[in-house]
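Hydrogens, waters and symmetry mates are skipped; everything else that's a heavy atom, side chains included, is used. Convention: sequence-line order gives letters A, B, ...; per-chain numbering from 1.
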Amino acid sequence: MAALQPVRGTHDLIGEEARRHDHIVSTFKAVAHRYGFQDISTPIFEFSEVFHRTLGETSDVVSKETYTFTDRGGESLTLRPEMTAGIARAFISGGLAKDLPLKLCGHGPMFRYERPQKGRLRQFHQVDAEVLGVPEPQADIEVLALGADFLGALGLGSRVELKLNTLGDTDSRNNYRQALINYFSAYQDQLSEDSLKRLDRNPMRILDSKDEGDRKLVVDAPRLHDYLNEASRTFFDKVRRGLDALGIGYTLDERLVRGLDYYSHTAWEFVTTDLGAQGTVLGGGRYDGLIALMGGPQTAGIGFAAGIERLAMMIAPPVAPARAIAIVPIGEAAEVPALQIARRLRQAGYTVEQGYRGNVGKRLERASKHGARVALLLGDDEIAAGTVKCRDLDTRAETVVAIGQIESALADYR
RNA sequence: GCGGGCGUAGCUCAGUUGGUUAGAGCGCCAGAUUGUGGCUCUGGAGGUCGCGGGUUCGAGACCCGUCGCUCGCCCCA
């Protein structure tokens with residue numbers, strides 16, 4: 001740490017950047033609440049086992065990207081790389097199984113030790129929605145609709161595309177997985193180095209390889225659709241019919257796979273081409289086996305997470321905060337009365353800024369530069385008369401207002 | 001973890017085949033204007049040239065390492 005610089009892959013949020021994040025979170029909350037979701041906030045670290053048992057040892061996220069450390073009590077803890085596992089842990093340890101179904105929304109920082117890139121940080125932020133205890137496809141449709149409405153509310157409806165797939169239930173998925181292993185094993189000498197590793201860890205990943213040679217092999221690889229059992233097929237059909245009925249467009253993408261191991265049935269991503277390599281803006285799926293896997297009661301689950309930094313790069317600049325009223329004391333004697341007036345106005349709900357130094361010209365200059373809408377000038381003459389001079393910074397019009405009536409007199413500038 | 005590009009003032013950048021006091025625009029501060037802002041004019045502050053080492057009489061420039069950013073791979077939100 002030679003110079004004082006932020007840790008690699010971390011970012012300070014200030015000004016418009018902070019406003020973009022806030023806007024995304026508050027938009028998400030507003031839409032999710034309309035869908036009947038309630039807020040949840042879980043710790044940013046958990047016992048390491050929470051993630052290792054749930055995300056699967058085969059996932060890169062857990063096997064080589066977590067921030068894991070031993071605390072002073074000797075416990076192995078891990079900074080959360082995603083929200084779902086923590087929520088599932090909270091569900092089990094909090095005995096929430098009594099209240100099903102449960103619809104939860106949250107947001108916050110996540111941590112992954114990756115090589116930073118545009119749209120990929122080591123500390124990044126997500127909004128997250130989960131529905132627990134609904135094995136029916138209605139939940140899939142509702143959660144997908146929530147995602148679509150959220151992105152729509154951010155003004156991104158036309159800039160993202162929904163890609164949809166099913167992974168089938170556990171049986172279907174396992175059968176298909178085995179079929180892929182059988183198929184690709186015959187071509188081990190032709191597979192890329194990366195795909196060779198995927199072959200035993202996560203063979204479905206080979207399907208979306210970008211390697212030329214791999215792609216040729218993929219063309220004739222077994223199709224997932226052929227390995228779906230009746231139940232899986234019916235389930236997916238209902239999801240699709242639901243989306244059609246709601247007018248939510250999507251494209252089927254048989255090669256869409258989730259990165260984390262616990263997913264089954266519906267999987268989806270909202271993607272964009274505007275962000276380069278990090279095109280996925282929201283990703284989700286169903287995870288009916290997760291909670292049981294963690295030692296809880298068999299409970300269906302489905303949810304998604306969206307990357308706030310990625311969305312922040314796409315949305316239009318959020319509206320700036322309310323334009324302030326600037327209070328400009330003139331002369332020593334006005335300093336304290338100015339403070340009193342500022343406080344009264346703030347307590348009455350106005351946004352008030354004060355110039356801290358300089359002559360009237362300087363203070364007005366600063367006020368207009370910071371976007372103030374009106375300046376209240378307070379000097380010896382005004383104090384003697386019990387008034388302030390109210391200067392509209394857009395029109396330059398000045399009026400005299402009695403200090404006693406100042407809250408109501410400024411109503412137009414609230 | 002792999003490969004490519006880039007780091008000069010708060011910001012955007014210039015800086016000749018290596019040459020002595022490193023520049024511009026914008027921004028910032030002050031004055032012109034001690035009770036009136038945006039324009040204008042004048043002046044000023046601000047730089048370990050990312051950091052460390054090497055080559056050289058001499059390095060912002062060349063070489064090596066390192067840190068950071070960035071694009072792609074991988075992975076994923």
Side-chain angles (χ1 to χ4, degrees), chain A residues 1-11 24 55 58-65 81-84 107-128 147 151 160 192-195 197-198 201-202 205 208-211 256-260 268-272 275-285 303-314 326 328-332 334 355 357-382 389-398:
Chain A
M1 195 180 65
L4 208 47
Q5 56 184 197
V7 172
R8 186 179 198 190
T10 67
H11 213 298
I24 288 163
L55 303 193
T58 62
S59 130
D60 279 8
V61 169
V62 161
S63 56
K64 48 191 197 197
E65 293 176 6
E82 54 96 48
M83 274 195 79
T84 308
H107 70 100
M110 310 294 155
F111 306 86
R112 295 183 193 177
Y113 189 87
E114 297 186 275
R115 179 140 171 195
Q117 231 174 277
K118 181 180 176 185
R120 190 171 78 183
L121 299 172
R122 289 185 171 182
Q123 175 176 332
F124 63 104
H125 298 79
Q126 289 184 333
V127 296
D128 183 275
L151 296 173
V160 295
S192 68
E193 199 182 321
D194 283 328
S195 287
K197 277 184 228 152
R198 296 177 179 121
R201 284 179 41 193
N202 198 346
R205 277 278 167 212
D208 63 357
S209 171
K210 285 168 188 162
D211 180 87
L256 177 79
V257 182
R258 300 278 69 223
L260 307 174
W268 70 93
E269 291 181 4
F270 284 87
V271 300
T272 175
L275 255 35
Q278 269 61 48
T280 299
V281 119
L282 183 155
F304 68 78
I308 296 179
E309 280 81 359
R310 293 180 184 180
L311 293 170
M313 289 189 282
M314 295 182 72
V328 178
I330 302 164
E332 191 71 33
R357 75 184 78 80
N359 56 29
V360 181
K362 279 295 166 221
R363 295 191 201 216
L364 282 176
E365 184 183 335
R366 224 167 277 131
S368 61
K369 204 163 281 178
H370 291 162
R373 213 173 143 193
V374 60
L376 302 181
L377 301 167
L378 184 66
D380 295 342
D381 298 348
E382 286 80 11
K389 197 184 277 179
C390 170
R391 179 178 177 85
D392 188 305
L393 290 173
D394 295 338
T395 66
R396 294 173 182 257
E398 289 187 347

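With a 3.5 Å ceiling on both atom-pair distances, the Watson-Crick or G-U wobble partner of B:C2 is B:G72. In this structure B:U34 sits in no base pair that meets the Watson-Crick or G-U test at under 3.5 Å. The pairing partner recorded for B:C26 is B:G10, the criterion being a Watson-Crick or G-U wobble arrangement whose two distances lie under 3.5 angstrom. Remark: B:G65 base-pairs with B:C51. Criterion, Watson-Crick or G-U wobble with two distances under 3.5 Å.
With RNA chain B read from its 5' end, the first of the two nearest nucleotides for A:Ala397 and A:Lys369 is the one closest to A:Lys369. Looking at which nucleotide of RNA chain B each of A:Lys118 and A:Phe124 is closest to, the 5′-most match is held by A:Lys118.
Straight-line distance between the C1' atoms of B:U8 and B:A59: roughly 14 Å, to the nearest whole Å. With both ends at atom C1', the span from B:U16 to B:G52 equals 28 Å, rounded to whole Å. Look at the P atom in both B:C63 and B:G4: the space between them is 15 Å, to the nearest Å. Spacing between B:C29 and B:C2 at atom P, rounded to whole Å, works out to 46 Å. Taking the P atoms as reference points, B:G3 lies 22 Å from B:C62, given to the whole Å. Taking atom P in both B:C11 and B:C49, one finds a spacing of 16 Å when rounded to whole Å. Of the P atoms belonging to B:A30 and B:U17, the separation is 43 Å, rounded to the nearest Å. Across the C1' atoms, B:G54 and B:G10 are found 33 Å apart, a figure rounded to whole Å.
Here A:Gly9 lies in heavy-atom contact (under 4.0 Å) with sugar-phosphate atoms only. Nucleic acid contact class of A:Lys389 (heavy atoms, under 4.0 Å, all strands): base. Here A:Leu121 lies in heavy-atom contact (under 4.0 Å) with a base. In this structure, A:Asp380 reaches the bases: a heavy-atom distance under 4.0 Å links it to at least one base atom across the strands shown. Residue contacts shown for A:Glu269 are absent, as no nucleic acid heavy atom lies under 4.0 Å away. A:Gly119 comes within 4.0 angstrom of a base, heavy atoms only.
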Strictly under 3.5 Å: I want the nitrogen or oxygen pairs between protein and nucleotides 1-7 of chain B, one per line.
residue, atom, partner, partner atom, Å
B:C2, N4, A:Arg115, NH1, 3.0
B:G3, O6, A:Arg115, NH2, 3.1

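Taken to the nearest 0.5 Å, the CG atom of A:Asp128 stands 8.0 Å off from the CD atom of A:Glu82. From A:Leu311, atom CG reaches atom CG of A:Leu282 across 7.5 Å, with rounding to the nearest 0.5 Å. Taking CD from A:Glu382 and CG from A:Leu376, the interatomic distance works out to 10.5 Å, rounded to the nearest 0.5 Å. Here the CE-CD1 distance, from A:Met110 to A:Ile308, works out to 8.0 Å after rounding to the nearest 0.5 Å. Rounding to the nearest 0.5 angstrom, the gap separating the CZ atom in A:Arg120 from the CD atom in A:Glu114 is 4.5 Å. A:Arg310 contributes atom CZ, which lies 11.0 Å from atom NZ of A:Lys118 (distance to the nearest 0.5 angstrom).
The salt bridge (Lys or Arg N to Asp or Glu O under 4.0 Å) test applied to A:Glu309 returns no partner, not counting sequence neighbours. Annotation: salt bridge (Lys or Arg N to Asp or Glu O under 4.0 Å) contacts of A:Lys362 (sequence neighbours excluded): A:Glu365. Remark: A:Arg391 pairs with A:Glu398 by the salt bridge (Lys or Arg N to Asp or Glu O under 4.0 Å) rule, at least two apart or across chains.
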*asked:* For a side chain to side chain contact (heavy atoms under 4.5 Å, CB included) check, start with the C-alpha distance between A:Met314 and A:Val281, then their side-chain angles and the critical distance, and finish with the verdict.
replied: CA-CA 10 Å; A:Met314 295 182 72; A:Val281 119; 3.8 Å; yes
_Worked verdict on A:Lys197 versus A:Arg205 for side chain to side chain contact (heavy atoms under 4.5 Å, CB included)_ = CA-CA 10 Å; A:Lys197 277 184 228 152; A:Arg205 277 278 167 212; over 6 Å; no
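Residue A:Arg8 places at least one side-chain N or O closer than 4.0 Å to OP1 or OP2 of B:G68. The phosphate of B:C75 has OP1 or OP2 within less than 4.0 Å of a side-chain N or O from A:Arg198.
Atom C1' of nucleotide B:G68 and atom CD of A:Gln123 are separated by 17 Å, given to the nearest angstrom. As rounded to whole Å, 16 Å separates atom P of B:C76 from atom CG of A:Leu282. If you measure from atom CZ of A:Arg396 to atom P of B:G37, you get 7 Å, rounded to the nearest angstrom. For the pair A:His370 NE2 and B:G27 C1', the interatomic distance rounds to 12 Å; values are reported in whole Å. Between A:Glu332 atom CD and B:G35 atom C1' there is a gap of 16 Å when expressed in whole angstrom units. Per the geometry, CD belonging to A:Glu82 stands 18 Å off P belonging to B:C75, to the nearest Å. Between the CZ atom of A:Arg366 and the P atom of B:G38 there is a distance of 13 Å, rounded to whole Å. Between the CE atom of A:Met110 and the P atom of B:A77 there is a distance of 11 Å, rounded to whole Å.
If you check distances only, the side chain of A:Glu382 does reach the base of B:G35 with a donor-acceptor pair under 3.5 Å. Contact annotation: side chain of A:Arg391 to base of B:G37, donor-acceptor pair present below 3.5 Å.
Contacts with RNA chain B (heavy atom under 4.0 Å) in residues 303-311 of chain A: A:Ala305, A:Gly307, A:Arg310, listed by number. Near RNA chain B, defined here as any heavy-atom distance below 4.0 Å, the residues from residues 357-364 of chain A are A:Val360, A:Gly361, A:Lys362, A:Leu364, listed numerically.
The backbone N or O of A:Pro81 lies less than 3.5 Å from a partner atom in the side chain of A:Arg112, making a donor-acceptor pair. Not one N or O on the side chain of A:Arg122 forms a donor-acceptor pair closer than 3.5 Å with the backbone of A:Pro116. With A:Arg366 contributing its side chain and A:Arg357 its backbone, the two residues share a donor-acceptor pair below 3.5 Å.
When each of B:U70, B:G35, B:G37 is scored by its nearest atom to the side-chain atoms of A:Glu365, the top-ranked nucleotide is B:G37. Taking the side chain of A:Asp381 as heavy atoms from C-beta on, and the options B:C71, B:C75, B:G35, the nearest nucleotide is B:G35. Relative to the side chain of A:Arg112, the nucleotides B:A77, B:C74, B:C28 differ in distance, and B:A77 lies closest. Side-chain proximity of A:Gln126 to B:C71, B:G35, B:A77: nearest is B:A77. Here the nucleotide nearest the side chain of A:Asp194, chosen from B:U36, B:C76, B:C74, is B:C74.
A 4.5 Å side-chain heavy-atom check between A:Val271 and A:Thr280 finds at least one atom pair inside the cut-off.
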